[in-house]
Structures are given as C-alpha cells and as structure tokens.
Undergrad: 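The structure under discussion is supplied below as structure tokens; questions concerning it will follow.
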Amino acid sequence: MRIFNTLTNKLEEFVPIHEDTVNMYVCGPTVYNYIHIGNARPVIFFDVVRRYFEHKGYTVNFVSNFTDVDDKVITKALEDEMSELEVANKFIEAFYRDAQRVGSSTKYLAPRVTEYMSSIISYIERLVEKDYAYQVDGDVYFRVGKIDDYGILSGRKVEDLKEGARIDVNSRKENPLDFTLWKSTDVGITWPSPFGEGRPGWHTECVAMINDIFGGKIDIHGGGSEIKFPHHENEIAQAKALDGTNIANYWMHNGQLNIDDKKMSKSEGRIVLVKDLDHDYMGFRLFSLSTHYRSPINYTDDILDSYVKDWDRTRRVYKQSYYSLDLKDALEVKSEQTPELKGIELKFMDAMDNDFNTANAITELQNLVKYTNQILRKSDTEHALKAAIELFDTFFRILGLDPGVTKLSATDKAIYMEWADARRNKEFDKADRLREKLQERGIL
RNA sequence: GGUCCCGUAGCCAAGUGGCUAAGGCAAUGGACUGCAACUCCGUGACCGCCGGUUCGAAUCCGGCCGGGACCUCCA
C-alpha cells in the first residue's frame with residue numbers, strides 16, 4: 001500500500017512502526033463556530049483512511065484534537081457572554097453531530113487543549129531548558145534559527161520566508177520567524193505557568209498531545225494543506241528540538257475546498273455550513289471523495305446536485321437488490337461471486353492501495369451499480385445478487401456511506417404483494433394507491 | 001515581491017511516456033413499461049496555446065495565456 005508522503009513529496013510504501021497497528025493523528029477544529037464544508041473534507045477523508053486500514057486488518061489508534069483555547073474561542077465567548085468552556089462544549093457537540101451526519105465515525109480519542117495544559121507547559125519548559133525557546137516579558141518564543149532544516153515540510157527556505165515576513169514593529173522576537181509558545185495575556189481564560197499567567201500558542205498542543213498519548217513518533221500525521229505551513233512545520237521544529245524526530249513517518253495533507261472556484265470567505269458570504277446541507281449528506285460525502293484528496297475541490301450547488309443524484313442511483317439499486325431478496329425471504333441465500341464482481345472488487349482495492357484514490361474507487365462503486373442493475377433485470381440471479389449486496393456492504397463500510405436500508409416488515413411485504421397482485425390483475429386504480437403507500441414507506 | 005500547484009468533452013473527474021483517453025451528471029436516439037418513475041443499449045474529447053526532447057507525450061522540458069494556494073488568524 002502506497003501513501004504520498006508530503007514530507008518527502010514521494011509515493012512511499014506504507015510500513016507501520018508497530019506491526020498491525022497504525023497510530024495516526026489529525027489536526028482537529030478550533031471550536032468557536034459550526035463547521036463548514038471545507039472543515040468537513042479532512043473529517044471525511046481521514047475517516048476513510050482509518051476505515052481502509054481497519055478493512056486491511058490493522059488496529060488503528062486514531063486521535064484528533066479540539067483546539068478549545070485560542071483567540072477566536074475567547075472572542076466568541078466575550079461576544080456571546082459565555083465562558084470559553086461553554087463555547088467549546090457547544091461547538092464540540094455540534095461538531096460531533098455534523099461529523100456523524102456526513103458519515104464519519106466519532107468514536108476516537110479527541111483530546112482538548114484545556115485537558116493537556118500541564119503537558120503543554122512542561123513541553124515548553126523543556127524547550128526553554130534546551131535553549132530552543134526564550135522568554136521575553138512573560139511570552140515564550142521558539143528559536144527557529146536553531147533548527148537547521150526549518151522549512152523541510154513546506155519546501156521553504158528560511159531566506160525566502162524572511163523576505164515575505166511582515167515587519168512587526170513591536171516584536172519582542174529575536175527573529176521574525178520565531179513563533180509563540182506561550183502568550184502572556186489578561187484577556188479571556190488564562191493559566192498559571194512558570195513563565196507567568198497566560199495561555200499557550202497554537203503550535204505546541206499537537207506535539208505535546210502526541211507525545212503524551214502515543215509516547216513518541218507516530219505513523220501518520222494528517223491535516224489540511226493550508227496548515228502545512230506554519231503549523232506542521234512548527235510541530236516538526238519542536239519535536240526535532242526535543243528528541244530529534246519528525247514526529248510522524250508519513251505526513252498527509254488534503255487539498256482545499258473552494259466555492260465557485262474561490263476560497264471560502266465568511267466576510268464575502270461564500271461559505272456553506274455542514275448543518276445547512278439539508279439532507280444531502282451522503283451525496284456530499286460522495287462529492288467530497290470524488291476528487292483525489294490532494295487536489296483542490298470546487299463546490300457549487302450544481303456539482304453537489306450531480307453527486308446527490310449519483311448517490312440516489314446507488315442506494316436505489318442497493319435497496320432494490322436487498323428488497324428483491326427480502327421479498328422472497330432469500331436474504332440468507334448463499335452468495336456466488338462472479339468474475340465481474342471479482343474484477344470490480346480488485347480494482348476498488350487497487351485504487352485504495354494507491355494513495356487512497358477514492359475517485360477511482362468510486363468509479364468501481366459506479367460499475368457495481370451498473371452491473372447490479374443488469375443482473376437485477378434477469379431472473380434466477382439471487383446468488384449473484386447476494387454477492388453484489390455483500391460487495392456493496394464492503395464498499396459502503398470503507399467509504400463510510402450508508403444507504404439506510406433495513407429489512408422489510410411483515411406489513412411492508414403484505415402491501416408489496418398486494419400491489420404486485422393488483423398490477424397482475426390490471427386493477428390499476430388499486431395498484432396506484434398501493435404504489436403511493438409503498439413510496440411513502442420508502443420501499444419503492 | 002517570494003514559494004508552489006493546476007488547466008482533460010456542456011459540467012464534475014481519472015489517467016503522470018506506449019493498446020481505440022476510465023467513470024458520473026446533463027443532453028440526445030432506441031428498448032422496457034397500464035401510466036409514471038426506475039433500469040438497460042447506443043451517441044460526445046484536435047487532453048489551454050506555441051515550441052522542444054523521444055521511435056512514441058494529456059503525461060517529460062521551455063515559453064506564453066488563464067485560474068488558484070501558501071508566505072498573515074483561517075481545516
């Protein structure tokens with residue numbers, strides 16, 4: 001299985017640190033608002049990464065944090081006259097709801113910054129002890145100049161960065177590239193520390209948590225490409241300062257989601273929240289996985305609509321197959337693999353093995369849709385249909401898609417039989433009434 | 001200004017040196033059908049432009065045009 005490692009910019013064969021286990025960490029949201037569809041992209045993609053590793057038999061230790069202390073959280077708390085904790089709780093709850101709506105599992109470890117304050121503080125202390133960080137009036141900054149290959153992840157050179165850096169007149173930093181580890185402040189929530197009252201900068205939480213939870217280097221560190229620099233670069237710098245590692249063997253970054261070919265912008269009204277997607281969550285998930293994760297993806301209502309239709313088609317054939325067996329009480333029939341199904345399965349897994357090429361995997365899902373529709377039109381295909389359903393189940397489990405189909409009740413079956421009889425007897429008025437009933441029940 | 005990415009049919013999108021360039025949506029012709037819906041079969045591409053490398057390029061190199069990201073809080 002190959003993964004594109006953004007640390008080396010190469011496709012690399014995946015070799016876990018511990019056999020049969022994948023330790024992965026994905027940078028999570030800052031919880032000061034409802035998540036938008038751009039936030040949902042890594043939530044969906046890395047969920048699929050985990051699902052695929054699990055499909056391959058790995059135990060996956062998946063961790064994704066909540067940044068619950070930060071300027072934006074504090075500002076929001078002041079605006080809404082709530083405590084930071086209340087703001088965080090509100091939006092963490094909303095996050096879980098939205099994540100589940102788009103089909104992502106929320107059963108993973110989700111540490112909060114506020115729960116790891118002592119780890120973060122001691123991490124900073126150790127950086128100071130090793131002289132990789134310095135204190136100025138209660139602030140603590142990281143000394144970027146001490147890291148030889150700073151810029152290794154984002155492919156930047158320190159000289160280039162200096163040219164682009166803004167000149168901060170009141171800077172207390174030795175070097176404009178140095179970043180804040182601890183910020184002295186009296187606005188909003190603060191914690192006592194050896195450096196004074198204040199709160200941590202953004203860049204230390206992830207490394208401190210990874211250190212605490214995993215006790216060292218992990219297999220995969222993921223996140224959006226826009227936080228490659230400076231956030232992930234700074235994580236690497238800190239870890240390198242403390243123990244000389246890159247924290248993770250494989251770095252994975254997903255591309256951005258744009259709206260109308262432009263970056264999302266709250267101020268320009270170009271933003272779509274997950275909670276406002278109405279009921280098109282599975283269509284959105286399909287859309288989100290239809291472009292390779294490293295490429296940018298463009299959202300418009302029309303584009304989403306075409307995937308909503310595609311998903312309708314997919315769940316419809318699944319539903320029809322399932323019900324056609326259920327109506328004959330044949331759901332437990334022995335499945336019989338066909339060469340076509342085998343070919344579809346192999347190509348699907350090949351695509352996933354090749355750096356999680358979900359776009360090509362979805363093509364195989366679509367091929368499965370077409371093939372299943374073909375056998376559905378033929379008679380005496382129960383065994384192949386059962387195999388097709390099983391393959392759908394596998395694909396759905398890996399991609400996190402849920403067709404929401406369950407067994408028919410005795411009443412459902414009775415109405416269906418009555419409808420079939422009425423049609424056979426050409427009692428069309430009666431048939432139409434029954435058809436309507438079946439449609440209401442979501443069976444047709 | 002610095003660093004980097006992308007440009008494939010009306011729309012979305014795979015493919016990154018070699019059979020007739022996947023797949024979906026839309027459109028359109030046909031089949032099926034009590035009417036619908038669904039479904040099936042068929043129909044669509046001078047791969048942004050110009051030049052180069054090569055026996056051979058959508059794929060590699062150079063230039064141009066167009067779009068975008070990061071460098072600054074932002075997933």
Side-chain angles (χ1 to χ4, degrees), chain A residues 9 11 26-30 32-33 35-46 64 67 70-72 75 95 151 154-157 159-166 168 176-177 202 222-231 233 253-258 261-267 271 283 286-287 289-292 294-300 302-314 316-317 319-320 347 351 354 357-378 422-429 431-432 435-436 439 444:
Chain A
N9 276 321
L11 271 175
V26 178
C27 287
T30 301
Y32 72 107
N33 202 345
I35 61 165
H36 59 237
I37 56 178
N39 295 314
R41 193 175 188 198
V43 169
I44 292 170
F45 173 68
F46 288 106
S64 186
T67 301
D70 146 288
D71 285 348
K72 291 189 292 294
T75 305
F95 173 87
S154 50
R156 287 152 206 268
K157 297 185 183 112
E159 306 86 74
D160 295 339
L161 286 166
K162 278 184 182 161
E163 274 187 54
R166 282 191 176 171
D168 190 349
L177 295 182
W202 177 36
S225 58
E226 78 293 331
I227 56 171
K228 214 166 156 182
F229 186 88
H231 185 54
E233 197 70 71
H253 291 96
N254 63 273
Q256 298 212 198
L257 186 148
N258 299 318
D261 277 319
K262 293 202 187 78
K263 188 175 171 173
M264 269 199 245
S265 161
K266 207 172 172 183
S267 55
I271 188 163
L286 200 59
F287 155 76
L289 295 171
S290 67
T291 298
H292 188 94
R294 280 187 278 122
S295 301
I297 186 168
N298 185 41
Y299 174 94
T300 67
D302 286 347
I303 294 171
L304 174 62
D305 196 45
S306 79
Y307 287 98
V308 169
K309 281 179 184 154
D310 193 17
W311 172 243
D312 277 347
R313 203 169 94 89
T314 304
R316 193 181 300 126
V317 66
K319 189 166 76 168
Q320 284 180 356
K347 283 193 205 162
N354 189 16
N357 193 329
T358 53
N360 281 344
I362 286 171
T363 293
E364 296 314 315
L365 176 61
Q366 289 162 339
N367 286 338
L368 178 59
V369 168
K370 176 167 275 191
Y371 176 71
T372 306
N373 268 319
Q374 286 166 344
I375 57 177
L376 208 46
R377 305 173 109 233
K378 297 176 187 159
R423 292 183 68 198
R424 209 172 299 124
N425 301 330
K426 299 196 192 299
E427 299 171 65
F428 297 126
D429 283 348
D432 286 351
R435 179 169 69 190
E436 209 169 300
Q439 280 168 340
L444 283 184

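Each chain gets a letter, A, B and so on, in the order its sequence line appears, and its residues count up from 1.
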Undergrad: Is the phosphate of B:A26 approached by A:Lys309 (side-chain N or O, under 4.0 Å from OP1 or OP2)?
TA: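 Yes, A:Lys309 has a side-chain N/O under 4.0 Å of OP1/OP2 on B:A26.
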Undergrad: Across all strands, who's sitting opposite B:A14 as a Watson-Crick or G-U wobble pair, both distances under 3.5 Å?
TA: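 B:A14 is unpaired by these criteria.
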Undergrad: Between A:Pro42 and A:Asn254, is any pair of side-chain heavy atoms under 4.5 Å apart?
TA: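 With C-beta onward as the side chain, the pair touches.
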Undergrad: I'd like to check A:Leu257 versus A:Phe287 (side-chain heavy atoms, cut-off strictly below 4.5 Å). Are they in contact?
TA: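 The answer is yes; the side chains approach within 4.5 Å.
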Undergrad: Taking the side chain as every heavy atom from C-beta outward, state whether A:Lys347 and A:Asn360 have any atom pair closer than 4.5 Å.
TA: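 Sidechains of A:Asn360 and A:Lys347: no contact.
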Undergrad: Working to the nearest 0.5 angstrom, can you tell me the gap between A:Tyr307 OH and A:Thr314 OG1?
TA: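 Answer rounded to 0.5 Å: 11.5 Å.
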Undergrad: State plainly whether the residues A:Arg435 and A:Asp432 are in salt-bridge range, i.e. N to O under 4.0 Å.
TA: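 A salt bridge links A:Arg435 with A:Asp432.
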Undergrad: Under a 3.5 Å limit for both distances, which nucleotide forms a Watson-Crick or G-U wobble pair with B:G62, could you say?
TA: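 B:G62 is paired with B:C50.
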Undergrad: Below the 4.0 Å mark, does B:C25 have OP1 or OP2 next to a side-chain nitrogen or oxygen of A:Gln366?
TA: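 For B:C25, neither OP1 nor OP2 has a side-chain N or O of A:Gln366 closer than 4.0 Å.
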Undergrad: Hey, what are the protein-to-nucleotides 16-22 of chain B N/O distances that come in under 3.5 Å?
TA:
from: B:A22; atom 1: N1; to: A:Thr363; atom 2: OG1; distance (Å): 3.3

Undergrad: Sequence neighbours excluded, which residues qualify as side-chain contact (heavy atoms from CB on, under 4.5 Å) partners of A:Asp261?
TA: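 In terms of side-chain contact (heavy atoms from CB on, under 4.5 Å), with neighbours along the sequence ignored, A:Asp261 is linked to A:Asn298.
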Undergrad: Apply salt bridge (Lys or Arg N to Asp or Glu O under 4.0 Å) to A:Arg423 and list each qualifying residue two or more places apart in sequence or on a separate chain.
TA: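 Partners of A:Arg423 by the salt bridge (Lys or Arg N to Asp or Glu O under 4.0 Å) criterion come out as none, since no residue qualifies.
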Undergrad: Quickly work out the A:Lys263 NZ to B:A69 C1' distance and round it to whole Å.
TA: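 After rounding, the gap between these two atoms is 8 Å.
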Undergrad: Taking a pair as Watson-Crick or G-U wobble with both distances under 3.5 Å, which nucleotide is matched to B:G29?
TA: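 Answer to the pairing question: B:C41, which forms a Watson-Crick or G-U pair with B:G29.
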Undergrad: Contact class for A:His36 (heavy atom, under 4.0 Å): base, sugar-phosphate, or nothing?
TA: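 Touches a base.
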Undergrad: I need the CG-C1' distance between A:Asn254 and B:A69, as an integer number of Å.
TA: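 So the two atoms are 13 Å apart, to the nearest Å.
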Undergrad: Which heavy atom in A:His292 sits nearest to a heavy atom in A:Ala359, and how many Å separate them?
TA: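 Heavy-atom minimum between the residues: N-CB, 4.3 Å.
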Undergrad: Please report the distance, rounded to the nearest Å, between CZ in A:Phe229 and P in B:C71.
TA: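 The distance from CZ of A:Phe229 to P of B:C71 comes to 8 Å, rounded to the nearest Å.
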Undergrad: For A:Gly38, answer base if it contacts any base atom (sugar-phosphate contacts may also be present), sugar-phosphate if it contacts only those atoms, and nothing otherwise; contact means non-hydrogen atoms under 4.0 Å.
TA: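 Contact class for A:Gly38: base.
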Undergrad: Tell me which nucleotide, if any, is Watson-Crick or G-U wobble paired with B:C74 when both distances must be under 3.5 Å.
TA: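 Base-paired to nothing in any strand shown.
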Undergrad: Base, sugar-phosphate, or nothing: which does A:Asp70 touch, judged by heavy atoms less than 4.0 Å apart?
TA: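 No contact.
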Undergrad: Round to the nearest Å and state the distance from A:Asp261 atom CG to B:G67 atom P.
TA: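 Distance, rounded to whole Å: 11 Å.
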Undergrad: At a cut-off of 3.5 Å, list every protein nitrogen or oxygen paired with a nitrogen or oxygen from nucleotides 5-9 of chain B, distance to 0.1 Å.
TA:
none

Undergrad: Rounded to whole angstrom units, what separation is found between the CG atom of A:Leu289 and the C1' atom of B:A13?
TA: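 Taking CG of A:Leu289 and C1' of B:A13, I get 14 Å after rounding.
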Undergrad: Go through the structure and list residues passing side chain to side chain donor-acceptor pair (under 3.5 Å) with A:Asn33, not counting sequence neighbours.
TA: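 Partners of A:Asn33 under the side chain to side chain donor-acceptor pair (under 3.5 Å) test: none.
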Undergrad: Encode nucleotides 29-38 of chain B as B, S and - characters from 5' to 3', where the letter depends on protein heavy atoms closer than 4.0 Å: B to the base, S only to sugar-phosphate, - to neither.
TA: --B--BBB-S
Undergrad: Per the atom types in the model, does the base of B:C40 pair as donor or acceptor with the side chain of A:Lys370 at under 3.5 Å?
TA: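 It does not, because no donor-acceptor pair links the side chain of A:Lys370 to the base of B:C40 below 3.5 Å.
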Undergrad: Looking at B:C12, B:A26, B:G68, which one has an atom nearest to any side-chain atom of A:Lys262?
TA: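 It is B:G68.
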Undergrad: Between B:G24, B:A75, B:A14, which nucleotide has the shortest distance from any of its atoms to the side chain of A:Thr291?
TA: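 Shortest atom-to-atom distance from the side chain points to B:A14.
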Undergrad: Roughly how many Å is it from CD1 in A:Ile375 to P in B:C40, rounded to a whole number?
TA: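 Distance check: A:Ile375 CD1 to B:C40 P gives 12 Å.
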Undergrad: What nucleic acid atoms does A:Leu257 come within less than 4.0 Å of, heavy atoms only: base, sugar-phosphate, or nothing?
TA: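 Result for A:Leu257 = base.
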Undergrad: Atom CG of A:Leu304 and atom NZ of A:Lys309: how far apart are they, to the nearest 0.5 Å?
TA: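 If we round to the nearest 0.5 Å, A:Leu304:CG and A:Lys309:NZ are 11.0 Å apart.
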Undergrad: So do the side chains of A:Tyr299 and A:Asn258 get within less than 4.5 Å of each other, counting heavy atoms only?
TA: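 The answer is no; the side chains never approach within 4.5 Å.
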Undergrad: Among A:Asn357, A:Leu289, A:Thr291, find the residue that satisfies the side chain to side chain contact (heavy atoms under 4.5 Å, CB included) test when tested with A:Ile362.
TA: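 Single pass found, and it is A:Leu289.
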Undergrad: Would you call A:Ile37 and A:Ile271 a side-chain contact if the rule is heavy atoms closer than 4.5 Å?
TA: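 No, side chains not in contact.
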